[in-house]
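First the structure, in the form of structure tokens, and then the observations on it.
Letters A, B, ... mirror the listed sequences (proteins, then strands); counts begin at 1. If you're wondering where the values come from, they're calculated on a predicted model, not measured in any experiment.
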Amino acid sequence: MNAVLETRGLVKRFGGITATDDVSFMLQRGARHALIGPNGAGKTTLVNLLTGVLAPTSGAVMLKGEDITRLPRAARVRRGLTRTFQISQLCASMTVLEMIAMVIAERLGRGADALRALDSDSRLIEGVAEIVTQFRLVDILDERIDRLAYGKRRQIEIAAAFATRPEVLLLDEPAAGVPEAERRELLDSIAALPADVSVLLIEHDMDIVFRFATRITVLVNGRVLAEGDPPAIAADSRVREAYLGEAAHG
Amino acid sequence: MLNDRIRARLAASRRWHPAEFVLWGLALAAVFLLPRQLLILNEIAILALFAISLDLILGYAGLVSLGHAAFLGVGAYAAGLLAIHVTADPLAGLAFGTLAAALAGLVTCPLVLKGNDLTRLMVTLGISMLLLELANSFGSITGGADGLQGITMAPLLGLFEFDLMGRTAYLYSLAVLFLLFLLARRIVHSPFGLSLRAIRDNPLRAAAAGVPATRRLTAVYTLAAAYAGAAGALLAQTTQFVSLDVLAFHRSADLMLVLIIGGAGYLYGGIIGALAFKILQDAIATVTPQYWQFWIGLLLVLFVLGGREILHGGVMALVRRGAALFSRRRKAP
Amino acid sequence: MKKRTFLGLGGAALAAMLAIGGAQAQDAIKIGLILPMTGPFASTGKQISAAVNLYLQEKGATVAGRKIEVILKDDTGVADVTKRLAQELIVNDKVTAIAGFGLTPLALATAPLATQGKTPMVVMSAATGIIPDTSPYIVRTSQVVAQIVVPFAEWAAKNNIKNVMTLVSNYGPGIDVEKFFSEAFFAAGGKAENMRVPLQNPDFSPFLQRVADAKPEALLVFVPSGVGAQFMKQFVERGLDKSGIRLIATGDLTDDDILNGMGDVALGVVTAHHYSAAHDSPENKAFVAAFRKANNGLRPNFMAVSGYDGMHALVEGLKKTNGQGGEALVNAMKGLSWTSPRGPISIDPETRDIVQNVYIRKVERVGGELYNVEFATIPNVKNPARGK
Amino acid sequence: MKLLTLLVDGIAYGMVLFVLASGLSVTLGLMNVINLAHGAFAMAGGYAAVVLMQKAGLPFIWTLPAAFVLTALAGAVLERLLYRPIYAKSHLDQVMFSIGLVFMAVAGIDYLMGSTQQFIQLPGWLQGRFDIAGVAVGRYRLFVIVLCGLLAFGLQWGFTRTRFGSRLRAAVDDARVARGLGIPVHALFAFTFALGSGLAGLGGVLGVELLGLDPSFPLKFMIYFLVVVTVGGTSTITGPFLAAMLLGIADVAGKYFIPQVGAFIIYALMVVLLLLRPDGLFARQRT
């Protein structure tokens with residue numbers, strides 16, 4: 001087995017509520033893995049535990065065999081674990097160019113450099129050029145982010161995550177709230193992610209999950225209910241009951 | 001080609017605007033144009049430096065502080081004590097005051113980074129008040145409420161006496177302000193500065209990009225403390241006196257006002273705010289020494305209730321016209 | 001850089017150029033009056049400036065054919081501002097003398113300037129002992145802490161008080177009170193225990209509880225004048241007035257400015273000071289009446305009389321020098337002696353400090369109002385702290 | 001016994017702080033508006049009482065409701081005219097705006113009433129002190145404790161048990177949702193602001209005797225209000241109440257037992273408490 005990201009018996013309690021209950025799962029290298037579950041299943045808590053926003057009550061998170069349970073968020077990013085957010089988390093006052101440059105500078109380890117001018121760093125410029133080309137942002141380089149349309153912002157969200165050159169990318173409901181017209185472009189850029197990047201997709205939209213994932217884990221009430229390839233999950237009666245049933249109602 | 005475009009864009013943000021040359025040119029020309037006003041200009045230059053210090057943390061990193069006078073005070077007392085006990089050389093005092101304040105910033109930073117904005121306001125305020133009480137209690141060192149007396153400064157660079165007109169003082173403060181402004185300008189346009197803005201705009205995004213927020217904020221807080229310390233050292237040296245009020249609450253509160261008036265997050269806010277605040281205060285207080293506060297208060301209220309838009313509109317138009325004239329003339333020959 | 005960056009660079013600079021600058025009349029003798037006109041010490045500034053105006057109104061504002069013009073500045077109680085204002089007055093307005101100085105640090109910050117600019121500096125309020133030593137151009141017309149409390153300590157010792165607790169605000173003058181009173185009281189055979197309270201201290205109850213625990217024969221109090229009322233009320237509230245502990249204080253506690261508002265709690269308090277609005281002399285009666293008339297019924301206090309006498313010293317000095325300033329003016333003020341509303345006073349030619357009577361007073365109701373009624377006089381007290 | 005006397009002193013001091021600061025806490029929590037001019041309302045209340053007593057001869061006890069009503073009315077008018085436009089502005093703008101108001105109030109009162117300390121004469125039955133089982137208790141302090149205690153209790157009851165309170169809490173939690181539910185948020189804001197101002201005015205009257213009154217009052221005590229609100233946490237009644245008690249008692253006890261560090265106590269305590277509980281001592285847990 002070649003797990004790049006792994007959790008071992010992860011538990012998180014808030015007061016009396018157990019949001020994550022003994023979750024152990026593995027993300028294989030190069031995988032296209034989806035994490036699904038009904039509202040309140042504990043998906044967001046799990047992502048927060050993986051990325052270091054929350055500390056688990058017990059259990060461990062392993063990245064490439066290293067225990068990262070207690071590492072701060074930024075240190076996990078530098079080790080290759082990056083996420084996107086369900087609600088776009090962008091730097092509103094920056095231009096697209098500035099925000100991508102910020103991420104690239106950080107990746108190149110220049111973030112603490114206080115005296116170098118941004119434009120004098122050719123590696124930085126190359127890095128920015130690569131990302132903006134790949135995510136088709138060239139035309140909006142000078143736009144302030146808070147003035148962009150919603151779909152564009154989702155795309156920048158993913159571009160910014162990808163600009164860290166992640167080995168593991170957690171996509172937290174990337175298509176949430178994106179209008180149909182802008183969805184296509186977004187999904188294309190997700191599909192175009194290089195094969196060596198392992199992706200964990202946290203998603204509500206079954207279309208996207210079944211189109212994209214090669215493996216699916218179902219989370220219900222903070223526990224792993226089932227895991228398998230898409231046909232197996234689609235056929236699983238417990239999953240139907242707990243999740244698809246509910247989705248059909250709502 | 002795309003690379004060149006990106007480079008040009010990134011360079012554009014740190015290019016000098018003609019109005020900037022005008023401002024600094026006038027600041028220097030003031031030595032000859034306003035020889036009678038150099039004392040207040042010196043005070044403005046020091047306040048501007050102090051405000052730039054707050055801008056670094058508030059405008060760029062989003063850290064509020066209601067106790068920034070703590071560092072002004074540490075810098076002032078350090079510079080004053082050095083002048084009395086060790087050396088009267090101004091530059092040595094400036095360096096010492098700056099370093100002492102930086103150290104104070106570094107030490108207190110962990111206390112400040114915890115918590116939300118309101119907590120931060122009060123923790124910084126608390127720290128500065130504790131320092132004030134400390135300075136009052138250790139009267140044998142600081143002179144207590146009587147103030148630190150007996151500071152005499154040697155000539156600047158061994159050449160320029162501090163004169164009664166305030167000429168040396170103003171040029172000295174202006175030079176320090178300008179150099180530290182250049183440094184700040186450089187820093188805010190660096191990758192470091194960009195990462196600070198990311199933390200301010202969106203801490204989640206900054207963390208997701210791998211920005212170690214605590215370390216960056218510690219760095220900028222220490223830097224800002226150093227700037228405030230430099231302002232304090234200038235204050236102590238050019239007035240040759242340090243009193244407890246360098247640490248007082250009203251310094252921090254006025255500073256906040258100055259920066260809000262000028263606008264945070266572009267470095268010039270502190271300078272413009274300091275000019276506007278001091279000049280208005282001085283002008284109004286000349287007319288009505290008892291009730292000037294009322295008129296300043298009224299201006300602040302009107303400013304928030306819509307005056308700012310009107311003012312900015314007018315000034316922007318002026319600057320644009322000026323810039324157009326400037327560039328036309330440049331192109332003409 | 002963003003556009004808003006430039007919202008004012010040029011504009012602000014231009015405004016700066018326009019706003020600063022001014023013109024002045026030529027022939028007047030100018031005197032810069034620097035006082036705290038706003039902030040917690042604003043009442044000091046008001047009293048002094050009102051008295052200065054009154055003096056000029058009454059005694060004529062011309063010397064040697066030149067008009068005396070007073071330029072009033074608000075120092076906001078901040079030392080560096082005070083110094084800058086003084087410097088501007090000396091350099092730009094070419095004032096003949098500077099005056100005012102509500103607080104010790106403000107006077108100390110300005111002292112080197114007086115020396116450097118050879119400008120006479122009349123201190124009208126600040127009371128710490130060392131002030132006149134910091135510049136040969138300083139003349140003081142207010143009071144010195146030691147001048148009040150040293151004779152007071154001797155008086156207390158003579159009047160069967162053997163142990164005293166001192167309660168002072170923890171800042172320059174308060175510490176002076178504590179030190180000089182305790183030393184003098186000890187020398188006279190008494191015993192003093194010391195306690196300091198923070199300057200910003202609205203609630204005295206814990207300190208008063210300590211006083212009640214210690215049960216001294218008398219409690220000597222020094223707090224800045226505005227706070228005195230709070231103190232007095234809480235003293236009475238805790239029943240300390242009936243506990244046999246005698247309350248004695250410097251006159252700051254029963255400041256004439258606010259004494260009447262304190263009500264009966266102040267009755268019987270014994271204080272030592274150099275001025276009472278109830279001082280029985282024709283000069284004082286005229287002064288009080290004129291001051292009240294000019295200021296909407298406000299009663300003059302010791303600050304006012306210092307300002308009044310400060311102007312007197314300046315004007316008399318200027319008469320002698322024919323309008324000349326500088327060292328000549330300081331020399332002319334040295335040794336001046338006259339009958340002030342507070343009684344006979346003089347400027348010690350050696351120390352340039354004031355020599356005056358110190359009065360022991362008791363708060364009584366006179367004609368429906370509370371006054372400090374003088375009942376003992378210690379004549380011609382110099383600053384006893386000199387040479388110590 | 002001595003300790004009980006001290007405790008009473010501390011509680012009375014804390015109670016006045018609470019009444020002064022409670023309005024600030026609610027407006028800050030409810031409207032997310034930083035109103036540093038809160039102390040100006042307290043000062044207005046104090047001066048209203050002084051004028052009513054000296055010029056109109058109103059007995060002290062009647063000045064309390066009068067000051068409450070007057071400052072509440074002033075609060076309502078100012079909310080309508082001046083504050084409403086700044087709700088949407090940034091916090092920094094609100095700081096600048098409300099400091100501007102403080103400056104105007106300070107200079108205005110100085111102009112109208114002079115810069116000297118103001119006094120009120122308490123009626124005889126509130127002067128001095130009496131013994132309760134050997135504990136000497138100041139009459140006025142006991143009066144303050146009873147009155148403020150009732151107020152705190154009433155506020156807490158109103159906040160948690162009435163329809164108004166539940167609407168208020170809903171609006172504090174999420175103004176947009178509350179508006180969606182048909183709660184008249186604007187009117188609620190106006191009413192709360194007036195109530196907060198009225199409380200400040202009442203506190204101002206009660207504080208004349210304990211804290212003093214002069215034109216610099218709003219600036220001098222701004223720090224204390226902010227300490228209470230920050231330590232107590234916004235948007236509840238109990239938080240600021242307990243914080244004010246704690247600070248009042250700690251301040252009095254600290255000054256009694258270790259007078260040398262008197263001035264440090266309140267700030268040191270605040271910094272330590274805020275480091276332990278950055279959202280305030282009694283803030284509701286956020287998720």
Side-chain angles (χ1 to χ4, degrees), chain A residues 51-53 72-79 81-85 87-95 97-122 124-126 128-130 132-133 138 141-142 145-146 157 160-161 163-164 170, chain B residues 1-16 56 59-62 113 182-220 222-224 226-227 263-266:
Chain A
T51 53
V53 177
R73 285 180 279 178
R76 298 181 195 215
V77 176
R78 284 196 295 276
R79 282 169 174 74
L81 172 67
T82 302
R83 70 175 293 187
T84 65
F85 295 87
I87 299 159
S88 292
Q89 299 295 345
L90 303 172
C91 299
S93 78
M94 292 188 182
T95 63
L97 172 62
E98 283 173 325
M99 188 171 143
I100 299 297
M102 181 273 292
V103 182
I104 303 280
E106 217 54 56
R107 183 185 89 208
L108 294 172
R110 305 251 206 277
D113 191 338
L115 296 175
R116 185 201 298 257
L118 288 163
D119 54 295
S120 69
D121 187 338
S122 13
L124 177 97
I125 289 169
E126 277 161 29
V128 173
E130 187 191 324
V132 297
T133 313
V138 178
L141 278 184
D142 298 324
I145 287 173
D146 53 3
E157 173 84 23
T164 65
L170 308 183
Chain B
M1 211 205 80
L2 175 60
N3 288 15
D4 291 340
R5 207 181 123 200
I6 291 172
R7 189 188 310 275
R9 279 290 152 200
L10 288 172
S13 66
R14 64 184 183 95
R15 189 174 305 130
W16 285 73
L56 282 173
Y60 286 91
L113 291 188
L182 285 183
L183 180 66
R185 201 175 187 283
R186 178 137 208 158
I187 289 171
V188 301
H189 290 115
S190 72
F192 173 74
L194 201 57
S195 73
L196 292 178
R197 283 175 58 201
I199 296 169
R200 177 198 68 188
D201 271 12
N202 193 331
L204 284 175
R205 166 52 58 204
V211 178
T214 308
R215 247 183 287 162
R216 295 286 155 80
L217 291 176
T218 306
V220 76
T222 307
L223 179 76
Y227 269 57
Y266 69 107

Residue part contacting chain A, namely of [X], when any heavy atom lies under 4.5 Å:
X: B:Ala198; value: both
X: B:Leu2; value: side chain
X: B:Arg216; value: side chain
X: B:Leu183; value: side chain

Problem set entry | A:Glu106/A:Arg78 ion pair, N-O < 4.0 Å |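 Judged by the 4.0 Å cut-off on N to carboxylate O distance, A:Glu106 and A:Arg78 do not form a salt bridge.
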With a 4.5 angstrom heavy-atom cut-off, could you sort out which part of [X] is near chain B: side chain, backbone, both or neither?
X: A:Ala101; answer: both
X: A:Leu124; answer: side chain
X: A:Leu97; answer: side chain

For this session: State whether a side-chain donor-acceptor pair under 3.5 Å links B:Arg200 with A:Ser93.
Result: yes
Problem set entry | Candidate pair B:Asp201 and A:Ile145, rule side-chain contact (heavy atoms from CB on, under 4.5 Å), full reasoning | CA-CA 11 Å; B:Asp201 271 12; A:Ile145 287 173; over 6 Å; no
Problem set entry | Closest-packed option against chain A by number of heavy-atom pairs under 4.5 Å, given B:Gly210, B:Ala209, B:Ala208, B:Ala11 | B:Gly210
Exercise. Just wondering, are more than 12 heavy atoms of other shown residues or ligands nearer than 6.0 Å to CZ in B:Arg7?
Worked result: yes
Exercise. Hey, is the main chain of A:Glu126 close enough, under 3.5 Å, to the side chain of B:Asn3 for a donor-acceptor pair?
Worked result: no
